[in-house]
Amino acid sequence: MRWSKTFIPTLKEDPADAEVISHKLLVRAGMIRQISRGIYNYLPLALRVIRKIETIVREEMDRAGAQELLLPMVSPAELWRESGRWEVYGKELVRFKDRHERDFCLGPTHEEVITDLVRRVVRSYRELPFNLYQIQTKFRDEVRPRFGLMRGREFIMKDAYSFHGDVEDCRREYENMFHAYNRIFTRCGLKFRPVEADTGAIGGTLSHEFQVLADTGEDALVSCTRCDYAANVQKAEVKAQRLAGRNLKESSPPIKKVATPGKKTVAEVANFLGLASERFIKTLVYRTDGGELVAVLVRGDHEVNELKLRTVLGCQEVALAGETAVEQSTGVTPGFLGPIGIELRVVADQAIQGIRGGVTGANEANAHFVEVDQERDFTPSVFADLRMAAAGDPCPRCEGGTLEARRGIEVGQIFHLGRKYSETLGATYLDAEGREQPIEMGCYGIGITRLLAAAIEQNHDGNGIIWPLSIAPFHVLLLPIQYREKAILEVTDTLYDELRKRGVEVLLDDRDERPGVKFKDADLIGVPLRVTVGAKGLQRGGVELRWRRDGNTEEAIVGEASGKIEARIKEALKI
RNA sequence: CGGGGCGUAGCGCAGCCUGGUAGCGCACCUGCCUUGGGCGCAGGGGGUCGGACGUUCAAAUCGUCUCGCCCCGACCA
């Protein structure tokens, strides 16, 4: 492609409405433009990257035995009413009526549609298993779209759904997809990590997220330094530990009430009393979806994991009760709560068990208890894993490993769905004994456009994007310094033709711009290999090859350049 | 939905508080010059100041309403 004939509107300055680096660079590199909040135009350069990613995804999905199809973007309300999600999904589901006043929605995901298709076809176990996927535009009316392509309302996604006669086979396919996903993200040239994940609103029993590692990621992860355990902090287990020695004392001195005027947070009280925050027992009051208020205890240096709390309390929703509700139910403001004498059900994190020499609120204003001995002074209704895992925790899976904290961008997630949709939508088959059974299902998603943004979050520098070669819009940027000079033009055009014949994807910057402008744009759009043709080099009979990622350069003799470039690209693509 | 911020030329911004009919940089056009990291000089074109209503002799500026966009929070296959 010739730059002058390609629509690449680059920008010198950051757009005012962009916050994160991938958003800024995507706009500045002339790849996307916003048309409405969370909705973007994909310009030619972006589309080339999208196609590259899609090709990798297709090749690996096909290799893994899945088949591509294409479901409609619009689906009828009846299906969603049948699954119950018409009511449950809320405003994120964009609904509209056709001219006959019939309800429809834009598909935010396609479990209903695919399950409907399959239930109309499959009759026998002989027809199972299979895995169907599509690459398609989805629409979710996100509460708050943000960060450019990272969280748009409209986005491109690959979604796959598999159907099986039994759980074991469904698990086998889950493993199959797990490996396919590893290959896909590896081929995309990304540093990523599969992590154990919560199943969320999709439902199901087993799930992994594929997280592209980037400090700017929205998701917090923990991973073991020793084994391959990794999990979203939402999901990460905390290993039950024996008490830390400093909390153990042979005998407990009597409990003592101390004045802590105006000191509400753990940090304030710890500082005021000169005691470490691990010795604190933090008391938080949550309201369940049933309306009950529950006191939740975690150590002062720990955070409550609301997901775990929901599971332990057996409810769908929990939320901090709020100051007013706390005062009404306990007679004290949140900063001075404690488990001793509180009139609420008390649940405690496992780390609270057996604490001696602890500190808690005294359930009266401006006072705390010290020298609290859990076994002597209070008994929660249950001890459980209720806290957020944190860096430094011992690994829950191996001996001697330690968890470290990472941040990631979720670009894929796989689920073992089980029978959730097949049961509600009546997708069944007859087994070998002639009994009707609900189909076992799995589903597997990859956010294509989010992957594009994540790749940039992970691969950029102060000058712009640094594309991994496998998903770069072009392999080579051919940059003549003075394209109107005959000698340079001839060498450039010859090289351009030869490279194209050799199957190298090359963008020729044929614009009549000053070198500085071209170099800056070259760095900005991030094409992996830059080939500069200039008078300086030609005097020595050569052109300059320069890698975007590390700035390494080498000279190639004009006559040998195209062969050398092809070799370098092929070599780099193999890795 | 709650909180905060911003809409002025294609892009990035100033002007608004204290009302008097719009400016800067980049980009764009013309000419000269220059050509290995966003050149230089000279000249030039382009804006119903997001929209509506109001106050006023007079509104980018003050008031009310409205639309759009951004950030934080709640939310999220």
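Below, read A as the first sequence line, B as the second, and so on, with proteins coming before strands; counting in each chain starts at 1.
Comparing A/Ile481 and A/Tyr40 by the nucleotide of RNA chain B that holds the closest heavy atom to each, the one mapping nearer the 5' end is A/Ile481. Nearest-nucleotide assignment on RNA chain B puts the 5′-proximal partner with A/Thr10, out of A/Thr10 and A/Val318.
B/G36 atom C1' lies 10 Å from atom CD1 of A/Ile488, rounded to whole Å. Counting to the nearest Å, the C1' atom of B/C39 and the NZ atom of A/Lys518 are 15 Å from each other. Per the geometry, CG belonging to A/Asp521 stands 13 Å off C1' belonging to B/A27, to the nearest Å. Distance A/Tyr89 OH to B/C76 C1': 9 Å, rounded to the nearest Å. At whole-Å resolution of the value, CD in A/Glu19 and C1' in B/G12 are 16 Å apart. For A/Trp3 and B/G38, the CH2 to C1' distance is 12 Å, given to the nearest whole Å. Computed from coordinates, the A/Leu307 CG to B/A74 C1' distance equals 17 Å when rounded to whole Å. Rounded to whole Å, the distance from CD on A/Glu13 to P on B/A9 is 14 Å.
Within 4.0 Å (heavy atoms only), A/Arg33 reaches no atom of the nucleic acid at all. Among the heavy atoms of the strands, none lies under 4.0 Å from A/Pro9. Among the protein residues, A/Gly534 comes within range of the nucleic acid bases, having at least one heavy atom under 4.0 Å from a base atom. If you check every strand for non-hydrogen atoms under 4.0 Å, A/Ser36 touches sugar and phosphate atoms only. The residue A/Gly537 sits close to a base: some heavy atom pair falls under 4.0 Å. If you check every strand for non-hydrogen atoms under 4.0 Å, A/Arg37 touches sugar and phosphate atoms only. No contact: A/Arg153 has no heavy atom under 4.0 Å from any strand. Residue A/Asp159 is out of contact with every strand shown, counting any heavy-atom pair closer than 4.0 Å. At a threshold of 4.0 angstrom between heavy atoms, the contacts of A/Tyr483 with the nucleic acid are absent.
Using a 3.5 Å distance cut-off with no hydrogens or angles, the side chains of A/Arg548 and A/Asn463 do not pair a donor with an acceptor. Side-chain atoms of A/Ser83 and A/Glu112 include a donor-acceptor pair closer than 3.5 Å. Using modelled atom types and a 3.5 Å distance limit, the side chains of A/Glu306 and A/Tyr286 yield a donor-acceptor pair. Under the 3.5 Å distance criterion, with hydrogens and angles disregarded, a donor-acceptor pair is assigned to the side chains of A/Asp493 and A/Tyr483. Side chain to side chain, A/Tyr421 and A/Arg119 fail the donor-acceptor criterion of an N or O pair below 3.5 Å.
For B/G36, the base has a donor-acceptor partner in the side chain of A/Glu544 [N/O atoms by modelled type, under 3.5 angstrom]. A/Asp14 contributes no side-chain N or O that forms a donor-acceptor pair with the base of B/G12 under 3.5 Å.
Remark: the separation of the P atoms in B/C76 and B/G19 is 50 Å, to the nearest Å. Comparing B/C13 with B/C75, their C1' atoms are spaced 35 Å from each other, to the whole Å. Taking the P atoms as reference points, B/A74 lies 16 Å from B/G3, given to the whole Å. The gap from the C1' atom of B/G68 to that of B/A59 amounts to 22 Å, rounded to the nearest Å. B/G47 and B/U64 are spaced 31 Å apart, taking the P atom of each and rounding to whole Å. Here the separation of B/G45 from B/U30, taken at their C1' atoms, is 11 Å to the nearest Å. Nucleotides B/C24 and B/G63 are separated by 30 Å at their C1' atoms, to the nearest Å. Using atom C1' as the reference point in both B/G43 and B/U35, the two lie 23 Å apart (nearest Å).
For the pair A/Arg95 and A/Trp86, the cation-pi test (distance below 6.0 Å, angle within 45°) is passed.
Of all nucleotides present, none satisfies the Watson-Crick or G-U wobble test against B/C17 with each distance under 3.5 Å. The partner of B/G37, taking Watson-Crick or G-U wobble pairs whose two distances both stay under 3.5 Å, does not exist in any strand shown. With a cut-off of 3.5 Å on both Watson-Crick or G-U wobble distances, the partner of B/G68 is given as B/C6. B/A22 is unpaired under the Watson-Crick or G-U wobble criterion, no partner having all donor-acceptor distances under 3.5 Å. The partner of B/G73 is B/C1, judged by Watson-Crick or G-U wobble contacts that both fall below 3.5 Å.
When distances are taken from the side chain of A/Phe147 to each of B/G37, B/C72, B/C69, the shortest belongs to B/C72. The listed nucleotides are B/C75, B/C11, B/G37; the one nearest the side chain of A/Phe519 is B/G37.
Residue A/Arg144 has no polar side-chain atom (N or O) positioned under 4.0 Å from OP1 or OP2 of B/A74. Between A/Arg146 and B/C70, a side-chain N or O to OP1/OP2 separation shorter than 4.0 Å is absent. In this model, the phosphate group of B/C70 is approached by a side-chain N or O of A/Gln34 to a distance below 4.0 Å at OP1 or OP2. Between A/Lys12 and B/A27 there is a side-chain N or O to OP1 or OP2 distance below 4.0 Å.
The ring-ring contact (aromatic ring centres under 6.0 Å, His included) test with A/Phe178 is passed by exactly one of A/Phe185, A/Tyr444, A/Phe210: A/Phe210.
Side chains of A/Asp521 and A/Lys518 form no contact here, defined as non-hydrogen atoms less than 4.5 Å apart.
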